Amino acid sequence: MSIRRPPQPAAESSPWDTMLPGPPSRNNFGSMDLSPSGLLAFPSGSSVTVVDSRSLQLIAAVPVPPPPPPSAASPSLSPFVTAVRWSPQPLPHSLILSSAADDLPSPLLLAAGDRHGRIFLLDPRSRSSPLLTFESDSVSPKSGVQDLCWIQSKPDSFLLAALSGASLLSLYSPATGRCIWKYDASPEYFSCIRRDPFDSRRACAIGIKGFLLSIKALGETEDDISVGELQIRTDCSELQRLERDLTGSSSSSPAAAVFPTYVVKLAFSPHLKHILYVTFPRELVVFDLQYETALYAAALPRGCGKFLDVLPDPNHDWLYCAHLDGKLSIWKRKEGEQVHVMCTMEELMPSIGTIVPSPSILAVVICESDSTLQNVAKQYSDAPPSPASSVEFDNPFDFSDDSLLVSKTRLISISDDGKVWNWLLTSEGDLCAQKDKNDASAVPDATEVSALENDTETSGSTTEGIASKEIQQSVNVSDGRSRKSKSSLNEMEISFKMSLVGQLQLLSSTVTMLAVPSPSLMATLARGGNSPAVAVPLVALGTQSGAVDVIDVSANAVAASFLVHNGVVRGLRWLGNSRLVSFSYTQANEKTGGYINKLVVTCLRSGLNKPFRVLQKPERAPIRALRASSSGRYLLILFRDAPVEVWAMTKNPIMLRSLALPFTVLEWTLPTVPRPSQPPKQSSLLSKDQAAIAADGMPSPTTPSDSKASTQDPSQDDTTESFAFALVNGALGVFEVHGRRIRDFRPKWPSSSFVSLDGLITAMAYRLPHVVMGDRSGNIRWWDITTGQSSSFNTHREGIRRIKFSPVVAGDRSRGRIAVLFYDNTFTVYDLDSQDPLANSLLQPQFPGTLVLELDWLSVRAAKNDLLVLCIAGADSSFRLIEVNINDKKSASGIQPKPIRERFRPMPLCSPILLPLPHALALRMILQLGVKPSWFNTTGTTINKRPHLIPGAASSTGDLRGYMIDIPPVGDSVVPEMLLKILEPYRKEGCILDEERARLYATVVNKGCIVRFAFAAAVFGESSEALFWLQLPRALNHLMNKLVRKSLQRAPASAQVSELDETAMLSRITSKGKSMTGAGKKDQLTQGQLKSMAFEQEELWENASERIPWHEKLEGEDAVQNRVHELVSVGNLEAAVSLLLSTPPESTYFYPNALRAVALSSAVSKSLHELAVKVVAANMVRTDRSLSGTHLLCAVGRYQEACSQLQDAGCWTDAATLAATHLKGSDYARVLQRWADHVLLAEHNIWRALILYVAAGALPEALAAIRQAQRPDTAAMFILACREIHAAFMSNMGDSDDESSVKKEQFNLPVLDPENVDVIAVGEYYGQYQRKLVHLCMDSQPSFD
């Protein structure tokens, strides 16, 4: 799947470049997705928010386009985004060889669906519209998208599955954008859909009534989709009550819209194939897809809130269940059975510091990407901690002290107050108490000891521990062998602890008011003194919840949030640059009537909210608006049908007087620009401060232009401020305030024809000497109060709601530009200095899909060439900035360069997947080849404040080649140095890796190339590839051990050793060397995600045996047949015969079962065979399933043919289990190789197939599969890894005492020979790949955001 990004002009600015989204809500259906590379995406209103999950920094907010309007006169609004899902497509390695720098595919794709049923494909880094809009016939306001899921259909392509409306499941092709398959499950309501981690071609969708639909994509046509329908029994009484309460007919809306608190979710087990976890509102069900039945169901204890979601732990058999009441329950599986017990309950919404009622948790996700890096850390970071490194509690990869820390798991939740919560869940164990209970003869397996020794960090006192039962240590089978089951973590008492380690605050509620500071020179700092208050890059937003959010526009982030009011913030103004005044009102009770007005002054420095004008009784009129002077000294309070109050905003505000005039609008004068002919009057102190501020790059404060007042009355000083107003009858006026006195400014009036008779004045802007007014008829008038000049024009639009003067600096023209907001929530920018403002209006492209509620100019402009920035508060609760670039036509000649406004970030954004594709691949190659830890030292300010604690880190200058740990053994030796030069800008900015991952890399970089390959894959979110590298040493050692056994069997009689000696020698061989994975590492590798890549006989047998006790209590003929099949596969023929003979005579399976019982009993013992013959009373044989023939083949010892028959029937795992039980050597290898062919060609899982190829000894086939997938870098790294493992194996053999009995030449693998034709071709192709990558990197500009 290759979606290419459309070309974009270099200078084009996107309207959402600087957009701060509003909070998510239940209208977004609780959707959230975390990519394997660590990018968090969730809907916020009609936008998609993308956040870096590690640093919790906002990356992008992408609004979806609106649907086509029903008519040209009424533009449509963008609906809520209801579903998001990251594409699982890995980095496109092969396409860079055939693509130019400006035609590379996008490696970061996000599917999004909205409330109208539309589905888009977005690139969060792109400045373009959606890359693709899928065609759908069900687009309507009622057919919202409930959930999305990607399903693999080919090795390099995926289909997008979408649940839309109430019961429709559709499959879309991203290549064409069309729907290829549909399924309607009405009257069921679909709830969610998930992909199978063991088979990416399959997905399961669950309905709220228990209907389970399984689909598998065998291709990309309608005939290639296979469907399975199942039903999970559950209590639907509550749902039936909700359906009865629905008014009218059954709704076609999605389940999340019709039943928002009735949530049904499912999740695949990451450890056990065919196992599903399903949560109904008050029930947890474990479902087996193979047996098509529920294995376990648990009801919620009384007092627990309803289930919201279920999240399996990637590394342990634990479940994390989120609840609607904001809690998280942890469930632990009992060893040997599918029974889950609730261990503890944690809080996802702290009770301290939150408002009442508490915000709601909308969604929770688990960070699975960390588990892969934890596997790397546990496996290879076994060295003692360096004195230079300190253990950090919140480092999820730190397992390096001597306490018994079982695991660290990161969870991320979002709430409807706009907060993103980052939680660290630590589990700690106590093995001492349990060891005392164990029998002295029971020796734990070496794998458990190693696992417990390596899990080595705790972080504080533990909470309640849940002691689990001891499990049986051995399993008896018919051949007399005794195999120990895994001791695992159930030997310990596990306790859990939840800690909040990070939080991101977005806008807390729907925005109602917007205020921008524009202080004059008379506005002093809040801490006192004569220093003027400068214009700061802050914007205050009043919200519907009563909070006031302060936005830092330079960082595009919420700098502070103050809960000021209990209701809607209806007015908000700045007092200087460090204080805010706001108001709200509530209606009193019906008896007394009136309104309770609340006025509060908020200090940004101290965070204190100080009410003023507090009255004991309700008032007759509510407050209508606030108007604060530029200095922040005076405040006008406008009431509805009541006099205007004038207040002096001192430390304790004082009311100066009341103005009983019928005002319609009031506006204070804005700060004006000092003219070159009339330099501003200011003290030497102010001049010094202004020069110092300008030297620091901050905008210079402006002075009040009170020139007219100064010339008319020399006794006036700079503390006089004025405001303009309009009355109900259309009369205009200007008052000035000096101290406690308010007097008429006595302006020069315009002509009588200027007064409007056809409409009230609804908006006004005032900056000496100009007053601009707008009325409800769409007329705009400006008036010079010193000369009496005036002019007007009609906008031919609806009434005018707001008029805002653009900020001015030295060199600007007289009247300047105004932004006009109309009552239809659209806006336009007019240039009042032009001859025809209407003809030369800057009709800014409106935000498609949203309405503009408030706007104002950002007053941080310092020079004439700086851009004008317009602040927008949208109806979708978003806050946006528009860069208005207007060149003066008289003075501008040619194209002027556009200044670049860099975003400030409190810490570097270390997400390599966000780099341009060539630079991302370059970093991946550097990490694979090996770079010294000192390379991660940066010169950024963040690192200087908090230095890296990387072992071996030191400042290094000189040749960049010194950073590489060694000369690259493959490819062009010059390329790494060139790539380091290309990546140098990112290194200087600290944007390569965050501190935790850099420390982990420093720990494992010298442990061999394999761990570097795994680390690089995990960093870029390719967890399957990382697991392949971690499993590769075991697979190759499995092959080498098989060769050793063959060599020992062929040796002369005199040189032969006993079976015990041979086993001891092999144990010594596999236990030495840093690359060898012996028994000490086994438990770690078979736990968690690596369990899906099992290939050894012992592992396959144990995995199959573990399932048998789960099904002992299942009833029904089909269940009996499956249980017999499992028992035969693991070699327990006696139990299989007993189960077959228990079939009642009236059963339709009686005769086939009898025949199999007789045949199987003959392979056990003569006595059992005679007993079986006596039981069978008839000799009639009827046709049975194909599995019966397999059992007969097993009875006569034809296991190879039985495995082939199972593979022909599609039972690949069962065939491997049977082979692991009975076959050895080349017979077992043939089964593995055929399985690998199926996994590669049918399931499209190249990494699982490669492991099977290597274990089967088919190294040429493995290399051919990598080359066919067009991954030149992976092919070269595969050869390097195999050489390293082979060399370590041979060196360990050299240390053994039996070297004379084994010839090393017999173990040389031809595919690793440097003279091999395929190996030479891989090296040449890799060199070509490197050179092409260097050229593409040089053609791409660095991107730090």
Side-chain angles (χ1 to χ4, degrees), residues 518 520-522 627-631 634 636 644 646 659 661-675 677-678 680-681 702-738 741-757 760-775 779-793 800 802-808 812-818 820 830-834 837:
S518 56
S520 65
L521 275 182
M522 289 184 295
R627 294 294 182 265
S629 65
S630 298
S631 66
Y634 303 107
L636 300 176
V644 173
V646 184
L659 302 176
L661 292 174
F663 297 104
T664 57
V665 290
L666 278 169
E667 292 293 341
W668 290 93
T669 181
L670 294 171
T672 56
V673 60
R675 306 192 177 208
S677 57
Q678 297 178 355
K681 296 180 181 179
T702 57
T703 60
S705 175
D706 225 349
S707 57
K708 177 182 180 300
S710 300
T711 55
Q712 290 184 350
D713 188 1
S715 63
Q716 292 183 357
D717 58 15
D718 289 340
T719 61
T720 300
E721 296 185 83
S722 60
F723 63 89
F725 60 86
L727 303 180
V728 175
N729 60 2
L732 307 176
V734 180
F735 285 168
E736 60 182 9
V737 182
H738 179 64
R741 294 180 298 168
I742 301 176
R743 58 191 179 188
D744 191 357
F745 186 81
R746 297 181 180 178
K748 188 169 183 180
W749 300 103
S751 60
S752 59
S753 61
F754 182 79
V755 179
S756 173
L757 299 177
L760 286 176
I761 295 177
T762 55
M764 178 180 289
Y766 177 31
R767 181 171 61 218
L768 276 172
H770 300 106
V771 177
V772 181
M773 294 152 289
D775 60 26
N779 299 310
I780 292 181
R781 303 170 176 83
W782 65 264
W783 163 39
D784 189 328
I785 63 176
T786 60
T787 63
Q789 295 179 357
S790 63
S791 180
S792 65
F793 62 93
I800 297 171
R802 295 278 188 274
I803 300 177
K804 296 293 182 180
F805 266 119
S806 63
V808 292
D812 277 338
R813 305 184 67 180
S814 58
R815 289 182 291 273
R817 303 172 182 90
I818 58 172
V820 179
Y830 297 100
D831 188 353
L832 296 182
D833 291 320
S834 63

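From a predicted model like this one, the values you see are computed outputs, not experimental measurements.
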Query raised in the report: Which of parallel (below 30°), tilted (30 to 60°) and perpendicular (above 60°) describes Phe723 and Phe735?
Result: perpendicular
Requested in this report: May I ask you to test the Trp783-Pro747 pair for a side-chain heavy-atom distance under 4.5 Å?
Outcome: yes
Query - Heavy-atom donor-acceptor pair, Ser518 side chain to Pro807 backbone, under 3.5 Å - result: no
Report summary line: So OG of Ser790 and NE2 of His770: to nearest 0.5 Å the spacing works out to 11.0 Å
Query raised in the report: Which distance, rounded to the nearest 0.5 Å, do you find between the CD1 of Ile780 and the CG of Leu832?
Result: 7.5 Å
Query raised in the report: Thinking salt bridges, do Arg781 and Asp775 make one under a 4.0 Å N-O criterion?
Result: yes
Query raised in the report: How close do Pro837 and Tyr830 get, heavy atom to heavy atom, and via which atoms?
Result: O-CD2, 3.6 Å
Requested in this report: State whether the side chain of Thr762 and the backbone N or O of Ile800 hold a donor-acceptor pair below 3.5 Å, judged by distance alone.
Outcome: yes
Report task. Kindly indicate whether the side chain of Leu732, heavy atoms from C-beta on, has any atom under 4.5 Å from the side chain of Met773. Result -> yes
Query raised in the report: Mind checking whether Lys804 and Val820 have side chains closer than 4.5 Å, heavy atoms only?
Result: no
Query raised in the report: Do Val665 and Phe725 touch side chain to side chain, with heavy atoms closer than 4.5 Å?
Result: no
Query raised in the report: When rounded to the nearest 0.5 angstrom, what distance separates OG1 in Thr786 from CG in Leu768?
Result: 8.5 Å
**Report entry** Under 3.5 Å: donor-acceptor pair, side chain of Thr720, backbone of His738
**Finding:** no
Query raised in the report: Does any N or O in the side chain of Thr664 come within less than 3.5 Å of the main-chain N or O of Val728, such that one atom is a donor and the other an acceptor?
Result: no
Query raised in the report: Sub-3.5 Å donor-acceptor pair from the side chain of Arg627 to the main-chain atoms of Leu666, do we have one?
Result: yes
**Report entry** Close side-chain approach of Ser722 to Tyr766, heavy-atom, < 4.5 Å
**Finding:** yes
Requested in this report: Answer whether the closest heavy-atom distance between the side chains of Met764 and Val772 falls below 4.5 Å.
Outcome: no
Query raised in the report: Can Glu721 and Thr669 be counted as having a side-chain donor-acceptor contact under 3.5 angstrom?
Result: no
Query raised in the report: Could you give the distance from CZ (Arg746) to CD (Glu736), rounded to the nearest 0.5 Å?
Result: 9.5 Å
Query raised in the report: Does Val737 reach the side chain of Trp668, with side-chain heavy atoms less than 4.5 Å apart?
Result: yes
